[in-house]
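For clarity, every value in this text was computed on a predicted model and none was experimentally measured. Only heavy atoms go into these numbers, but all of them, side chains included; no hydrogens, no water, no symmetry mates.
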Amino acid sequence: MRVLSGMRPSGKLHIGHLSVLSNWLKLQEENECFFFVADWHALTTAFDETASIRVNTREMLADWLAVGIDPERSTVFVQSQVLEHAELLLLFSMITPLSWLERVPTYKDQVQQLAARGKDIATYGFLGYPLLQAADILIYRADAVPVGQDQLPHLELCREVARRFNHLYKPVFPEPQALLADTALLPGVDGRKMSKSYGNEISLGAARETVEKRVRMMITDPGRIRKNDPGNPEICNVYTYQTLYNRDLVDEITVACREGRIGCVACKARLAESLNAYLEPIRQRRAEILAEPGYLDDVMAHGQEKAAAAARETMRRVRQAVQI
Ligand code: TRP
Ligand code: SF4
């Protein structure tokens, strides 16, 4: 299978992203994968604050590579370095009825939300966001696209555009399938959605002390006042993390917590320790990647070359089909 996925350059990734990334790693084992940074997509909302896009692109690439995305095995690249995405978008824009874009459920919602915060986002580029995404996918004639639930309407539009093109001209494109992985949401240390904007995240490259500090901030069973009060792990955020990062100890912790034999401070110390053990190799690899001058540039150049070769072949077929 040819698999493709992308992320907007949001900068450093956090442990909440690990479920998506581990899915990518699995797919990478058995498929021809394309993973790219959607920096043009970042422009659809951040066209007036572009200064951080390049830095964020590099930070995110470093995280991908640190967790094991392999630029030899997969094609890892930056969207804006493969101009064919834009050419295909232009052709798609000729055949896509405006109403298809206007009815994408995220569109009106987001325009309104951002308008409420004083940002006018009713641009041509923003309306075309899902069409650019369709071009990203179809330029590689991808069969499958691992995405979150929120992206399903975009995938549906992508399939519709592929069908319309194939019908109008010649069958060039497969209709890509969404691959929905079970990406259980890991809450941030304050219990809300994990997000940099809340400052409740544990980033993949976080220093040991930062991990310890963030774990200490975590909300536990609020009914527990003294450390030998019986606790209820079911309502404890630390416990959610223990089930992921301390599988071997989790039964012991459950019983000890219920019987009031372990205090939250000790429980958190155990979590911080295993989280740090888990993150150590990622942290090291990440630091090495960023310390080696030119390494990320080489990865991007290599990815650009491989991606462009595949994209050019699609455009050859597209031009022939459209007769232009
Ligand atoms: N829209 C996706 C997101 O916000 C990012 C993205 C852009 C993408 N192009 C893509 C994902 C193509 C999959 C395939 O997460
Ligand atoms: Fe949560 Fe652990 Fe405290 Fe129990 S002991 S409430 S599981 S932090």
Side-chain angles (χ1 to χ4, degrees), residues 2-10 32-61 64-65 69 71-72 74-96 101 123-143 145 147 151 154-155 157-159 161-162 164-166 168-170 172-174 176 294-324:
R2 202 177 249 194
V3 173
L4 171 131
S5 199
M7 283 186 203
R8 274 175 296 180
S10 53
E32 184 189 10
C33 288
F34 291 77
F35 298 121
F36 74 100
V37 182
D39 57 346
W40 277 337
H41 275 109
L43 284 179
T44 60
T45 50
F47 56 83
D48 54 351
E49 36 188 338
T50 55
S52 55
I53 294 180
R54 281 195 186 160
V55 187
N56 286 346
T57 295
R58 299 177 81 86
E59 295 275 9
M60 198 166 80
L61 278 173
W64 290 3
L65 304 178
I69 298 297
E72 290 307 318
S74 299
T75 301
V76 178
F77 67 102
V78 177
Q79 182 185 37
S80 65
Q81 296 183 359
V82 185
L83 300 182
E84 282 78 5
H85 292 228
E87 185 180 358
L88 189 58
L89 168 66
L90 178 86
L91 292 180
F92 284 166
S93 75
M94 305 299 172
I95 67 168
T96 305
L101 292 169
T123 61
Y124 178 55
F126 186 67
L127 177 67
Y129 184 113
L131 200 59
L132 177 56
Q133 185 163 349
D136 296 336
I137 298 166
L138 296 174
I139 193 74
Y140 301 105
R141 286 169 286 127
D143 305 297
V145 187
V147 282
Q151 297 290 310
H154 294 175
L155 248 287
L157 179 92
C158 174
R159 279 195 293 274
V161 170
R164 187 167 171 97
F165 184 100
N166 292 344
L168 278 169
Y169 307 112
K170 266 187 190 171
V172 170
F173 299 113
Y295 180 71
L296 278 178
D297 297 296
D298 292 348
V299 167
M300 286 190 265
H302 180 58
Q304 172 188 33
E305 210 174 290
K306 286 199 284 179
R312 276 195 299 267
E313 171 55 22
T314 301
M315 281 316 299
R316 192 186 62 73
R317 298 184 193 194
V318 165
R319 289 202 205 98
Q320 195 206 22
V322 180
Q323 295 181 280
I324 199 147

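- Of all non-hydrogen atoms in L138 and P174, the two that sit nearest each other are CD2-O, 3.7 Å.
- With sequence neighbours excluded, the residues satisfying side chain to side chain contact (heavy atoms under 4.5 Å, CB included) with T96 are F92, W100, L101, L131, V161.
- Residues that satisfy the ring-ring contact (aromatic ring centres under 6.0 Å, His included) test with F165, not counting sequence neighbours, are Y169, F173.
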Using atom types as modelled, flag every donor-acceptor pair under 3.5 Å from a side chain in residues 44-51 to any protein atom, sequence neighbours excluded.
unit_1 : atom_1 : unit_2 : atom_2 : d
T44    : OG1    : H41    : O      : 2.6
D48    : OD1    : K119   : NZ     : 3.1

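- With values rounded to the nearest 0.5 angstrom, D143 atom CG is found 11.5 Å from I137 atom CD1.
- Taking every heavy atom of both residues into account, L4 and A142 meet most closely at CB-CB, 3.8 Å.
- Ion pairing of E87 with R319 is present here, as a side-chain N (NZ or NE/NH1/NH2) and a carboxylate O approach within less than 4.0 Å.
- Considering all non-hydrogen atoms of both residues, L65 and P71 come closest at CD2-CD, 3.8 Å.
- The distance from atom OG of S93 to atom CG of L88, rounded to the nearest 0.5 Å, is 10.0 Å.
- Using a 4.5 Å heavy-atom cutoff, the side chains of Q151 and V145 are not in contact.
- Applying the side chain to side chain contact (heavy atoms under 4.5 Å, CB included) criterion to A311, with sequence neighbours excluded, gives V82, E84, I139, Y140.
- Between M94 atom CE and L168 atom CG the span is 13.5 Å, to the nearest 0.5 Å.
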Only distances under 3.5 Å count here; give the side-chain donor-acceptor pairs of residues 294-303 to other protein atoms, sequence neighbours excluded, each with its distance to 0.1 Å.
unit_1 : atom_1 : unit_2 : atom_2 : d
D297   : OD1    : R58    : NH1    : 3.1
D297   : OD2    : R58    : NH2    : 3.3

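- For E305, there are no salt bridge (charged side-chain N to carboxylate O under 4.0 Å, His left out) partners, not counting sequence neighbours.
- Applying the side chain to side chain contact (heavy atoms under 4.5 Å, CB included) criterion to A42, with sequence neighbours excluded, gives P9, I53.
- Remark: R8 pairs with no residue by the salt bridge (charged side-chain N to carboxylate O under 4.0 Å, His left out) rule, at least two apart or across chains.
- Atom CZ of residue R164 and atom CG of residue L157 lie 11.5 Å apart, to the nearest 0.5 angstrom.
- Using a 4.5 Å heavy-atom threshold, the side chains of N56 and V37 count as separate.
- Side-chain atoms of K306 do not come within 3.5 Å of backbone N or O of F77 as any donor-acceptor pair.
- With sequence neighbours excluded, no residue forms a salt bridge (charged side-chain N to carboxylate O under 4.0 Å, His left out) with R54.
- Applying the salt bridge (charged side-chain N to carboxylate O under 4.0 Å, His left out) criterion to R159, with sequence neighbours excluded, gives E156.
- K170 is not listed as a side-chain neighbour of R317, based on a closest heavy-atom distance of 4.5 Å or more.
- Within a 6.0 Å radius of CD1 in I324, other residues, nucleotides and ligands contribute 12 heavy atoms or fewer.
- Atoms CG and OG, on D136 and S5 in that order, are 10.0 Å from each other to the nearest 0.5 Å.
- Although no hydrogens or angles enter the test, the distance criterion places no donor-acceptor pair under 3.5 Å between the side chain of Q81 and the main chain of Q304.
- Partners of L83 according to the side chain to side chain contact (heavy atoms under 4.5 Å, CB included) rule, which considers only residues two or more places apart in sequence or in another chain, are W40.
- Side-chain atoms of N166 come within 3.5 Å of backbone atoms of V172 as a donor-acceptor pair (strictly under, hydrogens ignored).
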Verdict with supporting geometry, T75 and F36, side-chain contact (heavy atoms from CB on, under 4.5 Å): CA-CA 8 Å; T75 301; F36 74 100; over 6 Å; no

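- Judged as a side-chain hydrogen bond (donor to acceptor under 3.5 Å, both in side chains), and not counting sequence neighbours, the contacts of D39 are S80.
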